[in-house]
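Indexing begins at 1, ligand by ligand and atom by atom, following the structure's order. Worth saying up front: this structure is predicted, and the values here are computed from it rather than measured.
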Amino acid sequence: MELENALSKYEPVIGIEIHAQLKTNSKAYCGDKNEFGASPNTLTSPISLGHPGTLPKFNKEIINHAVKLGLALDCDITREMHFDRKNYFYADLPKGYQITQDKKPICKNGKILIRLENNKTKDIELTRIHMEEDSGKSIHDLDPFNTLIDLNRAGVPLLEIVTEPVIKTSHEAYQYVSEIRKLLRYLDICDGNMEEGSMRCDVNISIMPIGKDQFGDRVEIKNLNSIRNVQRSIDYEIVRQAKLLDENKKVNVETRTFDAPSGKTSAMRKKEAAHDYRYFPEPDLNPIKIEEKLLMDIQSSMPNLPNDLFEKFTKIYGLSNYDALVIIEQKEIAFYYESILEFTKNYKGATNWLMGSIKSYLNLKAIEITNFPINAESIGMLINMIDDGIITHSLANQKLFPEMLKFPQENPNSIAEKNQWINQQNENNLEVLVREILDKNPKEEERLKNGEKKLTGFFIGKIMKASNGTADPKKINQLLNQLIN
Ligand code: ADP
Ligand code: MG
């Protein structure tokens, strides 16, 4: 209610900075391994430790990743650029400066489409994406007296993605961060695991009275470690800032931190002015030039992106927006779905199997689709067997699918044959069977004829049993109707 009240008077203005740690073999400016989870300070060298006299060497893998992301986000790619030093002192930054990009980021402008309620969409415009390096990690909660420093992360390559101040609600922010994470994963350039810190968000937020267009003073909420917390921290800030303005107080321009258990933000430090960093061109690295050929090569090797798949799944496969989004959410699921469709044209059937029995199995075993034992071809065959009336849906679901899980290498058709689950009943001998069962139960047949509908179930049950469960209940129903009329 407080939030609703705040939103009835003030309009939030939100801009988000996302730091994405890149998946590369080595760090940004030296050969140290880029890896998560190694013992502290084992992935370091004189370069990442910032020893005097060492020289950085640029890891070109980063350019490919940055260009991929830039192209996927419709950015203008900068063709000639250099790195800059951003100077500050902190224990987890042994060099005393971060190598980053200031005036000439590798990508400018660009946008990403987000999906809102009622099938509405919105483009979130980006300001820039630049390349930089991560700092080490200060650990404050392992030792009661000391801060511990792990420099494994020092020099890990980052892309920083910055939006224009165009996000208006916490829900839009949630969708924005989700879409960026999905894209990073589709492009395979960052694993997007916010809990491990490989993707981190800073939220800038201010509010202004509705109807005004002069932005208010903003705060920056640092290092949010889940998408949910991005949303929660924004909602908290809107209310906090609205209260201040209601009381004619000022919002301090500052950096704040979010405490997940209490759902509150608190002040960390005053915002540094940019000139405090004394940016200047990095003298130890050569300027970078991106050749046309590289752009073309990267453009032509771009994988399918979530929004292209959405268009394809809804327009060509006829899936509902909901189904399409659920499947696209995880790249590996979307790719598995597409592989099934190489073997069957029943798009909806493939969706149902994937989101139904297959998803349940994955959840039960707590495994990913990449570890699912049955290949897409067998699932395609299974669907075709049902569509061709070779096996009933219920037998397929209750018997054949579990057996396929046990013997994933075997062809579903031969499993079904071996177990005599194949529907032996062609139209003619199913009719003979139905006739036979009706004849054996004359009283019930009479009652059915007299309109006692519940006897349909009685007969279907008997006939199914007589066919060893292989007959299609729908067909039996049709035949029953024909025969008694
Ligand atoms: P800094 O260098 O201090 O981080 P930037 O100009 O890079 O500042 O902006 C950081 C983010 O803050 C951007 O996403 C931008 O859209 C957003 N932003 C700028 N002004 C405001 C404002 N008044 N309210 C909310 N967000 C803002
Ligand atoms: Mg910033």
Side-chain angles (χ1 to χ4, degrees), residues 6-7 9-20 69 73 75 84-88 90 97-112 114 122-132 134-135 158-177 179-180 199-224 227 230-231 233-242 244-245 250-258 265 267-280:
L7 290 174
K9 288 184 262 179
Y10 300 102
E11 181 180 336
V13 174
I14 301 161
I16 296 182
E17 296 163 89
I18 292 179
H19 286 92
L69 182 62
L73 290 169
C75 299
D84 296 286
R85 283 191 187 180
K86 179 180 181 179
N87 300 279
Y88 65 94
Y90 204 71
Y97 58 86
Q98 179 190 30
I99 303 179
T100 178
Q101 295 188 288
D102 182 26
K103 295 281 175 336
K104 281 199 159 186
I106 185 161
C107 306
K108 278 192 166 169
N109 306 320
K111 59 182 189 316
I112 188 166
I114 62 168
K122 172 173 174 174
D123 277 336
I124 302 295
E125 284 91 17
L126 305 177
T127 314
R128 58 188 276 144
I129 303 172
H130 64 259
M131 304 181 281
E132 61 183 26
D134 215 337
S135 59
L158 297 176
L159 289 180
E160 178 171 341
I161 308 156
V162 184
T163 73
E164 289 287 288
V166 290
I167 297 168
K168 294 286 169 195
T169 66
S170 64
H171 179 63
E172 287 183 13
Y174 184 98
Q175 293 300 93
Y176 168 73
V177 180
E179 285 305 321
I180 291 284
M199 188 177 122
R200 308 191 289 274
C201 283
D202 303 339
V203 167
N204 293 268
I205 171 166
S206 63
I207 60 171
M208 58 188 176
I210 287 180
K212 289 267 164 58
D213 53 12
Q214 172 107 42
F215 290 174
D217 288 330
R218 69 171 144 137
V219 305
E220 179 171 10
I221 313 165
K222 277 280 183 203
N223 285 335
L224 293 155
I227 303 185
V230 167
Q231 181 162 22
S233 67
I234 290 174
D235 287 340
Y236 177 83
E237 262 312 300
I238 292 172
V239 174
R240 188 186 71 88
Q241 295 184 15
L244 287 171
L245 296 192
K250 261 182 51 134
V251 173
N252 283 333
V253 177
E254 65 194 3
T255 302
R256 296 179 73 84
T257 176
F258 179 70
T265 66
M268 256 165 80
R269 57 171 185 263
K270 281 233 168 64
K271 183 94 189 137
E272 312 88 346
H275 61 256
D276 284 349
Y277 291 124
R278 206 171 67 92
Y279 280 101
F280 64 84

- [ ] Check the pair Arg218, Asn204 against side chain to side chain donor-acceptor pair (under 3.5 Å), reporting the backbone distance first and the verdict last.
- [x] CA-CA 6 Å; Arg218 69 171 144 137; Asn204 293 268; 2.9 Å; yes

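- Under the rule for a side chain to side chain contact (heavy atoms under 4.5 Å, CB included), the partners of Lys212 that lie at least two apart in sequence or sit in another chain are Pro209.
- Of all atoms in ligand 1, numbered sequentially from 1 with element shown, those under 4.0 Å from a heavy atom of Gly216 are 23 (N).
- When the heavy-atom distances from atom 8 (O) of ligand 1 to Gln214, Glu220, Arg218 are ranked, the shortest goes to Arg218.
- Ring pair Tyr174/His171 is parallel by interplanar angle, where below 30° counts as parallel and above 60° as perpendicular.
- For Thr255 and Glu220, the side-chain atoms include no donor-acceptor pair closer than 3.5 Å.
- Those atoms of ligand 1 with a heavy atom of Glu164 less than 4.0 angstrom away are 16 (O).
- Geometrically, ligand 1 and Thr163 share a nitrogen or oxygen pair separated by less than 3.5 Å.
- The Val162 neighbourhood of ligand 1 comprises atoms 13 (C), 14 (O), with distances under 4.0 Å to a heavy atom of that residue.
- At under 3.5 Å, a nitrogen or oxygen of Ser206, whether backbone or side chain, sits near a nitrogen or oxygen of ligand 1.
- Under the side chain to side chain contact (heavy atoms under 4.5 Å, CB included) criterion, Asn109 pairs with Asp76, not counting sequence neighbours.
- Of the heavy atoms in Thr127, none comes closer than 4.0 Å to ligand 1.
- The side-chain heavy atoms of Val203 and Ile14, taken from C-beta on, include a pair separated by under 4.5 Å.
- Close N/O approach between Pro165 and ligand 1 is found [any backbone or side-chain N/O within under 3.5 Å].
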